[in-house]
There are 2 protein chains.
Amino acid sequence: MSKADKTSAARMESDDTSSASPWPARNARHQDRHVKREAVIRAAARAFNARGYYNTSIDDIAAALNVTKPTIYYYVANKEQLLLQCILAGLERVLEPFRKPRQPGRCAREQFNDMIRHYAQAIASEYGGCMVRAQDLGLGPESMAHVKQLKSEIDQGIRRLLQDGVRDGSIATDDVKMTAFALAGALNWIAHWYRENQSMSAAEIAEAFVRFFNLGLAPRNAAARSPAATPRRRRAPRSRPAARSRP
Amino acid sequence: MSKADKTSAARMESDDTSSASPWPARNARHQDRHVKREAVIRAAARAFNARGYYNTSIDDIAAALNVTKPTIYYYVANKEQLLLQCILAGLERVLEPFRKPRQPGRCAREQFNDMIRHYAQAIASEYGGCMVRAQDLGLGPESMAHVKQLKSEIDQGIRRLLQDGVRDGSIATDDVKMTAFALAGALNWIAHWYRENQSMSAAEIAEAFVRFFNLGLAPRNAAARSPAATPRRRRAPRSRPAARSRP
DNA sequence: GGTAGATTATACCAGTGGGTAGAGTACTAC
DNA sequence: GTAGTACTCTACCCACTGGTATAATCTACC
């Protein structure tokens, strides 16, 4: 009885939400398989973010889609695969800027800042939470190896960008490795507190982070501030016009 | 049979480790109850860090102490309590510097830097992992409320320190809230990659972080570099730190 | 050496949830 | 209409693990 209650409650709830499910009512279910599989993975990611991986049963995910458990298993082999897909979706998105070729015209710090912006947006996506918690959840050894490899690729990408900056003089740091760890930590942690429809958009958060990373906390004299404070003037983030008060 | 194998394996392993268990052989077990309870919590924290909360059974923790499950339950009410104790141990340690009174002689940034050092050390402790992952693990509502309150206290402490710095001119930031999030993220994330007997000690990591937080990545002129990199001089510039010479 | 209290082990229960077998249903093609 | 395919459901299994009842054991103290 408790099971039936839970299921029907979840069903009603998900009927209300506007996050459309490809299983609209009970008929007309001849859509593309790929679309449905994507929907399963998205629903899983949302559920994992909301309740945590181990507190989310396959039944929960199924209920959120107006479907029963075997349907989930029709699209995905097992729960671990489901998690892995969420993680990979997030990681791949973060990796994008590292994989496309370097633009020659711009200094490393500008490219670095763009990377930070992209990273922050990816983390704020629904797959960000899964990605960030990936290490803790019990992935099998082969999946874990895959994830670790991609994470390492990200780390190396950050370090390379930092080193390039040190080389062309646009970035100053004496410990690339630790700086990369600090950066990744600050960015990854966004997944722990960011919620949609919050006061700040992901883009605004990214911009605040870029400023902090660039400028640091120790005050600078006014002359030194211009390029770092507003590194991207072409299209400013919506509300906050990046006005930096000076001491 | 697999169970017996697992248990005996864990038993042997823990016999080898030098992390002494208060149940040495089978005799002389008239120690203080408190000591044993502490040992249980420490063992739990280590196990949670190593395998994750949901992948650690009470039997695992018991086996690591050469003991059986009911013994654990003799010292702690349930698994959630065990987790909660680990989390609180970490949080309390982080909170220390925020609770002791402000030293009047030093500028806010110096106190801020000390706080960062303390924070990093606490996160690198064995309770750091539990603390950082606390939000994800399924705590009951009352425990969760307690944890959230302490976390909020930490956040407020960071922000207050930043604001004090802005006020006395030793810290420059235009978004205290985001800066605090970035700082906490970078620090918390240490728990995800730090392992003991690594190349860098926790103190060294903390120092690298302090440098990065203070200086940022955009280059400063050489003259401005030294005071921020080693910001711990006995008496720092009062209102406006070390007028930076410019070229 | 016997008794009380503290401590630990053996053996067990029960809920939960991942995963599956097999039967049905609907749509398409012929 | 009939066969085939794609998809989904009902009903079930079973391993794992949190938690407990109960008995045994150990220590202190008389």
Side-chain angles (χ1 to χ4, degrees), chain A residues 1-8 10-11 21-37 39-40 44 47-48 51-84 137-140, chain B residues 1-8 10-11 21-37 39-40 44 47-48 51-84 137-140:
Chain A
M1 50 178 177
S2 73
K3 191 163 192 172
D5 290 349
K6 197 174 170 188
T7 303
S8 65
R11 191 182 300 268
S21 155
W23 291 267
R26 191 54 105 86
N27 48 7
R29 37 173 90 141
H30 45 90
Q31 300 218 13
D32 197 4
R33 181 189 173 96
H34 185 259
V35 173
K36 293 188 179 177
R37 187 183 145 95
V40 167
F48 294 159
R51 287 183 294 276
Y53 178 69
Y54 286 103
N55 292 317
T56 302
S57 69
I58 302 288
D59 278 322
D60 291 336
I61 300 169
L65 290 168
N66 298 335
V67 155
T68 56
K69 188 160 54 170
T71 301
I72 305 295
Y73 280 100
Y74 181 72
Y75 289 100
V76 78
N78 51 36
K79 197 183 180 187
E80 184 188 327
Q81 274 298 314
L82 203 46
L83 173 63
L84 182 61
L137 311 170
L139 284 174
Chain B
M1 48 181 172
S2 74
K3 190 163 193 172
D5 290 349
K6 197 175 170 187
T7 303
S8 65
R11 191 181 299 270
S21 155
W23 292 266
R26 187 56 103 87
N27 48 8
R29 40 173 86 140
H30 45 89
Q31 301 217 13
D32 197 6
R33 182 189 172 93
H34 185 260
V35 173
K36 292 188 180 178
R37 189 184 143 94
V40 167
F48 293 159
R51 287 184 293 276
Y53 178 69
Y54 287 103
N55 292 318
T56 303
S57 69
I58 303 286
D59 277 322
D60 290 336
I61 299 170
L65 291 167
N66 297 336
V67 155
T68 56
K69 188 162 52 172
T71 301
I72 305 296
Y73 281 99
Y74 181 72
Y75 289 100
V76 78
N78 50 37
K79 196 183 179 186
E80 184 188 328
Q81 274 298 314
L82 203 48
L83 173 63
L84 182 61
L137 312 170
L139 283 175

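Labels below follow one simple rule: chain letters A, B, ... track the order of the sequence lines, proteins then strands, and each chain is numbered from 1.
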Grab the CD1-P distance between A:I72 and D:dC7 for me, whole Å please.
-> 14 Å

OG1/A:T71 to CD1/A:I61 distance, rounded to the nearest 0.5 angstrom?
-> 12.5 Å

Under 4.0 angstrom between A:Y74 side-chain N/O and D:dC7 OP1 or OP2 = yes

Considering only side-chain heavy atoms of B:T71, which listed nucleotide, D:dT10, C:dT8, D:dT8, is closest?
-> C:dT8

Working for side chain to side chain contact (heavy atoms under 4.5 Å, CB included), residues B:Y54 and B:L137 | CA-CA 8 Å; B:Y54 287 103; B:L137 312 170; 4.1 Å; yes

Given atom CG of A:D59 and atom C1' of C:dG19, what is their separation to the nearest angstrom?
-> 11 Å

Rounded to whole angstrom units, what separation is found between the OH atom of B:Y54 and the P atom of D:dA15?
-> 24 Å

Distance from B:L84 atom CG to B:K79 atom NZ, nearest 0.5 Å?
-> 14.0 Å

B:Q81 CD to D:dG18 C1', in whole Å, measures 15 Å

From the candidates C:dA9, D:dT17, D:dT8, the one with an atom nearest any side-chain atom of A:Y75 is D:dT8

From the options D:dC7, C:dT20, C:dT7, select the nucleotide whose nearest atom is closest to the side chain of A:Y73.
-> C:dT20

Between P of D:dG18 and CG of B:L83, the distance in whole Å = 12 Å

Nearest-0.5 Å distance, CG of residue A:D60 to CG of residue A:N55 | 9.0 Å

Nearest-Å distance, CG (A:L82) to C1' (C:dG17)?
-> 15 Å

To the nearest angstrom, the CD1-P distance between B:I58 and D:dG18 comes to 5 Å

Of all the choices, D:dT8, C:dT8, C:dG19, which nucleotide is nearest to the side chain of A:K36 once you look at every atom?
-> D:dT8

B:V67 has a side chain; which of D:dT8, C:dA9, C:dT7 sits nearest to it?
-> C:dA9

B:S57 side chain: which of C:dA9, D:dC9, D:dG18 is closest?
-> D:dG18

Separation between CZ of B:R37 and CG of B:L82, rounded to the nearest 0.5 Å | 8.5 Å

Look at the side chain of A:R33 and decide which nucleotide, out of D:dC7, C:dG19, D:dT10, has an atom nearest to it.
-> D:dC7

With distance as the sole criterion, do the side chain of A:K69 and the base of C:dG17 form a donor-acceptor contact below 3.5 Å?
-> no

Would you say A:T68 reaches D:dT8's phosphate, i.e. side-chain N/O to OP1/OP2 under 4.0 Å?
-> no

Candidate nucleotides C:dA21, C:dT7, C:dG18, ranked by approach to the side chain of A:K79 - the nearest | C:dG18

